[in-house]
Structure formats: structure tokens, C-alpha cells
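What follows is a short report on a single structure.
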Amino acid sequence: MRTLYLFLPKLYYSFPVQLLLNNFRRNHVLILCWIILFAMITGNFGKYLGIPYLFLDPEYMNKVGFSSFFMMGLLTAGFSMAFHITGYISDGHRFSFIGSLSNPFKKFTINNSIIPAVFLIVYVYQIIGFQINNEFSSQYGLLKNLGGLFTGYATMTALFTLYFRLTNKDIFKYVVCRIDEKIKRNVKVTRASALKKLDIVRKKQERVDYYLDGKLKIKPVEPSSFYDKATILQVFDQNHFNLVVIELFIFAMVLVLGLFKDYPAFQIPAACSFMIFLTIFVMLSGAFSYWFGGWSATTSLILFLILNHMVGEDFFTKKYEAFGLNYNTPPAEYSVNTLHHQVDSAAIEADWQVVITQLNNWRKKFGDAKPKMVFLCTSGGGKRASLWTLNALQTIDSMSHGNLMESSVLITGASGGLIGASYFRELKLREKSGEPIKPFANIHRQKISSDNLNPLIFSLLANDLFVGFTKFEYAGKAYQRDRAFTFEDQLNHITEGLMDRPITAYLQPELDGIVPMVILTPTVVNDGRKIYIASRPVSFMNAELLRMPDYPHQKVSGVDFHRFFKDQDAKDLRFLSALRMSATFPYITPNTTLPTEPPIQIMDAGISDNFGMSDAVRFLYSFNEWVSENTSGVIFISIRDSPKLGAVLARKGQTIIDDMTQPISSVYNNFENFQDITSDLLIGQAHNWMNVPIHRIDIQYQAETYLPILQKMDSIRQTSARASLSWRLTTREKDGIVKNIYSRQNMSEINKLLELLK
């Protein structure tokens, strides 16, 4: 006990412990950054979106290996060094004894390494568990990945060590008589900050009795009061300059990489992009803290409010365009009056007749027997939904010997699911056109499930924030190579370049009944309406409004894209742009601005209907008489990446914050339930105006084994949990998605469908 009694004060007043306490006491921004990183790698933040995977399974050049982990090691060490530099500039004056030592910054870094060391240990532990349980890594593969991480970390640390060895001077090399002269040369704000720190050095020193030297040996602190001014100069003059040099280097690196971001070799892992952003943020916060002292938080808030106001006045507003549209012609007027003019009986009749031609051609394929008409409705859900939808369509169409797609008339949905369905439709179209493509091949699942998040995140950092001046040409019009371009470029790559065509290219195959029609329905941010995008005008999607001619306050639910943007070259719209607008993943893919006055922004179709059921019912309503006369029934196939009848969970462990956020969180968490109830109501009502049977088939991911992922985020390695809602999937998740189609409930639904299609 006596030994412990004597040891505890020594431990408490040791330099590492005092620096740790100082960080928690004063450097809240730095601690918050570390908390975010810890939360990400342990799965306590962003697990539902797959964010931890970016750190635990980084991908570079479509591979996870030594190179990708090497980059993670480089950037992790870079962020750690930014943490040390910022702490040294902000708080070095509180420990003036360090200035009396040789290589002061090196010793400061060693003693300030508790948090970085703990982070590295936890990071390695999480990587090991994740790679073994989710990526099925071999012992050699795991060692190679960890070797890359440690090599990168050591390389960056060595570079910083060399830099500071060449630039940092010991206090004994300073001429004390020149200190005041050097301080006076600086601007008033910086001079005041330096003098204030000088006062802190003289009066408010933190007590430190022991420190770790360069060889990790414990040394007692010697009195060093006569070095006060030299310490201040060292913090102010030399290390602040080092900070500026390093920041300029980082900015230059980001700019250079941004210029070549379209080349795969320059597309660093997404987690590395985040680490670069965090490093810049930490170093800027340190600079603010030094320049403005106690006013740094207030100054930051004022600058943010000014920037926020300027963005609101369109000084820095960036518009993401739909490729193919003409933004140089006068914009279309978007108002209540113009929307009502779109609901024109003559236009609706013309569009209706075109689809009747398609339906008649579709009907001819079945001879005298009346077929079942199939509507394919796919749900959103990022990469998870893309793979699940493609896999489901491949499996069912194969089991039905192609009868599924032959019987399908319409494809609706949102986000990733619609991408997967459109991709499979393209494969079937290419096969029927005589191209050597096998629609059921595994390579297509591999392609669509490959990572396309790295270039998106890096484009956000390097292009959208700093560069944004490179352009490309499509349909004879120039557009910026921004994050929207990057998304489409990656989507084009993972779908083998098959869908890189204008949306009108699908008009003839659809009219001939070769492939089902696709109607995309992204949502207008300004008013919540839908934009109906297809290979041709589809104004009949508002046909129900013609039944209420005497009611002047009827609300137009959607806008026909082709008719509304006829003068803006709607016919040239790139199909990939239409998919992008329908799959606007929050914070990843940007909202698209259309050429209207006032400008309208477009976001994910899942906002209004994540499952596409309401759009399919609208289509059926418009052609219900033809369908009743020419078919033996209608089948709604819902390919959804979430269970429809999930378990009802009890409210447990409600905190004060939970109670405060309950009104908002309950709406968000039950968003799909609201849409399911509405869809069931619409289909239930359809039984009243249809004269043929209506059938429902639900193909559900995790229909049997789903555990509520939002409620159980205690471990990344829950093998029974659903795949993350992300543009990044692990090997285990891909394997689970593919195999889940053979679950007992899904096979029961598929067999039911096969009987209906006979």
C-alpha cells in the first residue's frame, strides 16, 4: 500500500497523464475527432450504413490487401501527427520545461501518444476480428494486411521524424535577445496571442514531475524558468511554420490527386479520404486556437454563419446537373399553373395509345391463352438492394425458364433495387439481340456488388471542395466532372458499360414487348412531387385527375419528364443520370438540379415510395380495362431488401435524449411501415375496379433470420444481421445476400409464382 501511495502521485503528475488530462480539459475538438474514429472502427457509429467497413476492409484498385492497408497506415499516422502538432501549438506553453530539452517536439509526441496508441491497438484488434469473421481471410492474408498497415504507419512516422529533425531546433540554439524583436514583427492578433501565452508560461504552468525521454526512459523534470521566452518563440515561430508547411502539403496533395481522380490509381480508399479531411480539420482548429485564443470558438461560429449566409445567397452553391439536358436554354417554368396544364386529356390519350401498342405486342407472345401480367417492384437500399434484386431476378427467371421477364410489363422501384432490375433487363435485352451475354452468370453479381464508394468519397473531398473545374462532353453538351459524374462513371463501370445510352434508346424494345418498361420516379425536394421518367412521355400516370374536372383544387402528384422538359432536350437524358436521380443516397450522391424556374432539386425515389408499388398501381389503373380483357390476372412481385412483417420491438432503455428525439425518430424508423400500409390500401382498392384476380408475391431479404440491426449494434461481426445499407459490402454480406434467396419463405413464394405463371 505504501508503494502504491507513493507511486500514484508520480503517475498523476507524469507528463503523459497530464497531457491526457489537458486534452480532455481543453482540446474538445481533438477529443471529439478521436471519439468519432473510435466509434467508427468499433461499429458504434454508422454501422447501419457500413461506415466501419471502410476502415476495417479498405479497398484500393478493387482489391483489399497490402496497398490499401498501407494507405490506411499512412493516413492514420498523419492524423496522429496532426493531433500532436495541434496539441503542441495550443498547449506547449503550459509545459515550458519541454522547451529546455533537446528535440522538444519529439519528446512531446512520445508523451502525448496515449490516445493514438490505444486507437492503434483497438484498430488492429477490430481488423483481425473483422477480416477473420467477415472476409474469411487466411493467416497469410491477415498478416499481409496488418503488415501493410504497420508499414504505412512507420513510413509516415519516419517522414515526419526526418522533417522535424531537420527543422526543429533545440532551445540552446536560440538567441534570447532576439525574441522580443521577432514577436513584434508579427501582426497584432498573433502578437497578442503570443504575449498571452507568454503570460501563461510565467504564471499558469501545469505541474509535471516526470516525463518519458526519446528512449522511453523515465526522467525527472528539471527547473527551467529562464527558458520561458525561448519556449514561447519556439511554439509561436517555428512550429507554427511547420504547421503551415504541412497543411500546404496536404492541400497540394489533395489538389493533385483531384486532377487525376478519374484514374483508378489515384482513387484512394474512402476511409483515407475521411482521414485527410479530419487531418485538415484538426490542423485548422489548432491554427484558430493559436491565432484567436479564447475567441476561437466565437470566431469559428461567426465565420460559419457568414459562410452559411453566402451559400444561401448562391455564392458557393454548386448545382449538379442531369447529363443530356440542356441548361443553356430558357428554363421551364415550375409552378402550380404549369403543372396543371400538364394534365391534358389529349396528351394523356396520346401517351395511353402508345402503351396500348406495347401491351398488344406483349400479348401476341402468348398466343390464344390469356397470360398473367407481372409488375416487378423493387425496393431501395444501396448496394445491398442492387445485389439482392439482381440475384432474385436471375434466380426466378432461370427457374421459370425465362417466363418471368417475358410476362413482365413494368419495372418500378427506387434506388439500388431499380439499378439491379435495370441491369438485369439490359442483360436480357442484349441476349435477345444476339450478343454473347449470359444473363444468369455469376460475374454480373460480382460486378454490381463491387465497391464504388472510394471514388465518390474522394471526389467529394478533392473535386467538389477544392477543384471542380474539369469538364466532359455528353450529347454535344459540356458538364463538370463532379461527384455526379463520378457516381455515373462508377455505375457505368460496374454494369459493364451496357446502360450508357440515352433513355429513349429503350423506346423500341419496350414497344415491341421485348423487355418490360421502366418508369423511374425520383422526388422533387421543393414540393414532394414525383418526376415520371421513362423512354417516352407517360402523362397517363396522372390519369385519375381527369375524373375530377369540377374540383379546382386537385393536386398534381407527378410531372411527366418528357413533356415538361421537351425544350431542354429531355430525349437526350442519359439513362445513367435517370438512375442516379432515382438513387440519391444521402450525403453520398448529390441532389440533381433540373433546368426550371425556380430551380428544383431531385432526390431519391424512396422518399415517396421505396417499393414502387404505388407507381405500379397507377399504371394498372390507367389500363385496367385492357388488362381485364386481355389477361387472366395480375401479379405484383415485390423484391424488397427488408422484411415486411418485422417484429414489434418494445421500448427499452429509453434515455432522456431518446425521449426528446422520439417524435422524429419514430417517423424515420417507421417510414417503410407507413409506405407498406399505403401500398396495401391501394392494392386492396384495386380489387374493386379490376375484373381479374390480383396476386402478391413478396421476395424478402432476411425474411426468416432478420434481426433488427438498428436495435443491436453491439458487434460488427453479428453473422445473423442484415447487410449494411451502403455502397460497400463485405464478402460475408455478399454471400449472405446471394444465399438468402433460397430461404424457406422465399422458396415458398417463388414456387407460388411459378404455379401462377404456368
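Quick caveat, the model's predicted, so the values are computed rather than measured.
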Report yes or no: is the cationic atom of [X] (NZ for Lys, CZ for Arg) closer than 6.0 Å to the six-membered ring centre of [Y], at no more than 45° off its axis?
X      : Y      : result
Arg640 : Phe611 : yes
Arg580 : Tyr320 : no
Arg425 : Tyr506 : yes

With side chains defined as the heavy atoms from C-beta onward, is the minimum distance between [X] and [Y] less than 4.5 Å?
X      : Y      : result
Ile503 : His562 : yes
Ile514 : Lys428 : no
Ser407 : Leu757 : yes
Leu620 : Trp689 : yes
Ile519 : Leu410 : yes
Ile699 : Ile750 : yes
Val556 : Arg529 : yes
Ser557 : Tyr532 : yes

Closest contact, heavy atoms only, [X] versus [Y]:
X      : Y      : result
Gln675 : Gly606 : NE2-O, 3.0 Å
Thr592 : Ala322 : CG2-N, 3.7 Å
Val634 : Val692 : CG2-CG2, 4.4 Å
Ala570 : Leu325 : CA-CD2, 3.8 Å
Ser415 : Gly382 : OG-N, 3.9 Å
Met747 : Ile741 : SD-O, 3.7 Å

Query raised in the report: For the side-chain contact (heavy atoms from CB on, under 4.5 Å) test, which of Leu520, Ile533, Asp500 pairs with Phe575?
Result: Leu520
Requested in this report: Sort out for me which residue in Leu387, Asp641, Leu390 forms a side-chain contact (heavy atoms from CB on, under 4.5 Å) with Ile737.
Outcome: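 The residue from Leu387, Asp641, Leu390 that satisfies side-chain contact (heavy atoms from CB on, under 4.5 Å) with Ile737 turns out to be Leu387.
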Query raised in the report: Given the rule in the side-chain contact (heavy atoms from CB on, under 4.5 Å) test, do Ile683 and Arg696 qualify, once you have shown the distances and angles that lead to the verdict?
Result: CA-CA 9 Å; Ile683 293 180; Arg696 287 283 302 273; 3.4 Å; yes
Would you say the side chains of [X] and [Y] form a donor-acceptor pair under 3.5 Å?
X      : Y      : answer
Asp676 : Ser679 : no
Thr338 : Glu333 : no
Gln394 : His444 : no
Tyr334 : Asp527 : yes
Asn740 : Trp388 : no
Ser379 : Asn610 : no
Gln745 : Glu749 : no
Arg363 : Gln358 : no

Requested in this report: In sequence, state the C-alpha distance, the side-chain angles, and the governing distance for Ile602 and Thr584, and then conclude on side-chain contact (heavy atoms from CB on, under 4.5 Å).
Outcome: CA-CA 8 Å; Ile602 304 301; Thr584 306; 5.5 Å; no
Using 4.0 Å as the upper bound for N to carboxylate O, is an ion pair formed by [Y] and [X]?
X      : Y      : result
Lys438 : Glu431 : no
Arg536 : Glu510 : yes
Glu755 : Lys752 : no
Asp489 : Arg481 : no
Arg501 : Glu426 : yes

Gap separating the [atom1] atom of [X] from the [atom2] atom of [Y], nearest 0.5 angstrom:
X      : Y      : atom1 : atom2 : result
Ile531 : Met581 : CD1   : CE    : 8.0 Å
Phe485 : Phe487 : CZ    : CZ    : 13.0 Å
Ile697 : Ser748 : CD1   : OG    : 8.5 Å
Asn492 : Leu498 : CG    : CG    : 8.5 Å
Ser386 : Leu418 : OG    : CG    : 9.5 Å
Met399 : Leu754 : CE    : CG    : 5.5 Å

Report task. Determine, step by step, whether Phe540 and Trp352 satisfy the ring-ring contact (aromatic ring centres under 6.0 Å, His included) criterion, reporting the C-alpha distance in whole Å, the side-chain angles of both residues, the deciding distance to 0.1 Å, and the verdict. Result -> CA-CA 6 Å; Phe540 54 78; Trp352 188 84; 8.7 Å; no
Report task. Run the numbers on Glu488 and Ser577 for side-chain hydrogen bond (donor to acceptor under 3.5 Å, both in side chains), then give the verdict. Result -> CA-CA 7 Å; Glu488 290 188 26; Ser577 290; 2.6 Å; yes
**Report entry** Whether over 12 other heavy atoms sit under 6.0 Å from Asp368 CG
**Finding:** no
Report task. Tell me, with the steps shown, if Lys571 and Ser535 meet side-chain hydrogen bond (donor to acceptor under 3.5 Å, both in side chains). Result -> CA-CA 8 Å; Lys571 67 182 186 305; Ser535 62; over 6 Å; no
Report task. Using the side-chain hydrogen bond (donor to acceptor under 3.5 Å, both in side chains) rule, take Thr523 and Asp604 through it: C-alpha gap first, then chi angles, then the decisive distance, then the call. Result -> CA-CA 6 Å; Thr523 308; Asp604 200 293; over 6 Å; no
Query raised in the report: Does the pair Asn360 and Trp626 meet the rule for a side-chain hydrogen bond (donor to acceptor under 3.5 Å, both in side chains), with working shown?
Result: CA-CA 9 Å; Asn360 287 330; Trp626 188 97; 3.0 Å; yes
Report task. Decide yes or no on ring-ring contact (aromatic ring centres under 6.0 Å, His included) for Phe636 and Phe375, but give the supporting numbers first. Result -> CA-CA 5 Å; Phe636 287 93; Phe375 293 96; 5.3 Å; yes
**Report entry** Worked check of side-chain contact (heavy atoms from CB on, under 4.5 Å) between Leu579 and Met499
**Finding:** CA-CA 10 Å; Leu579 288 175; Met499 296 191 293; 3.9 Å; yes
Query raised in the report: Checking side-chain hydrogen bond (donor to acceptor under 3.5 Å, both in side chains) against Ser539, which of Asp351, Asp344, Asp560 comes through?
Result: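 For Ser539, the side-chain hydrogen bond (donor to acceptor under 3.5 Å, both in side chains) check succeeds only for Asp351.
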Requested in this report: Could you give me the CA-CA distance, side-chain angles and deciding distance for Phe619 and Val538, then say whether side-chain contact (heavy atoms from CB on, under 4.5 Å) is met?
Outcome: CA-CA 9 Å; Phe619 183 94; Val538 289; over 6 Å; no
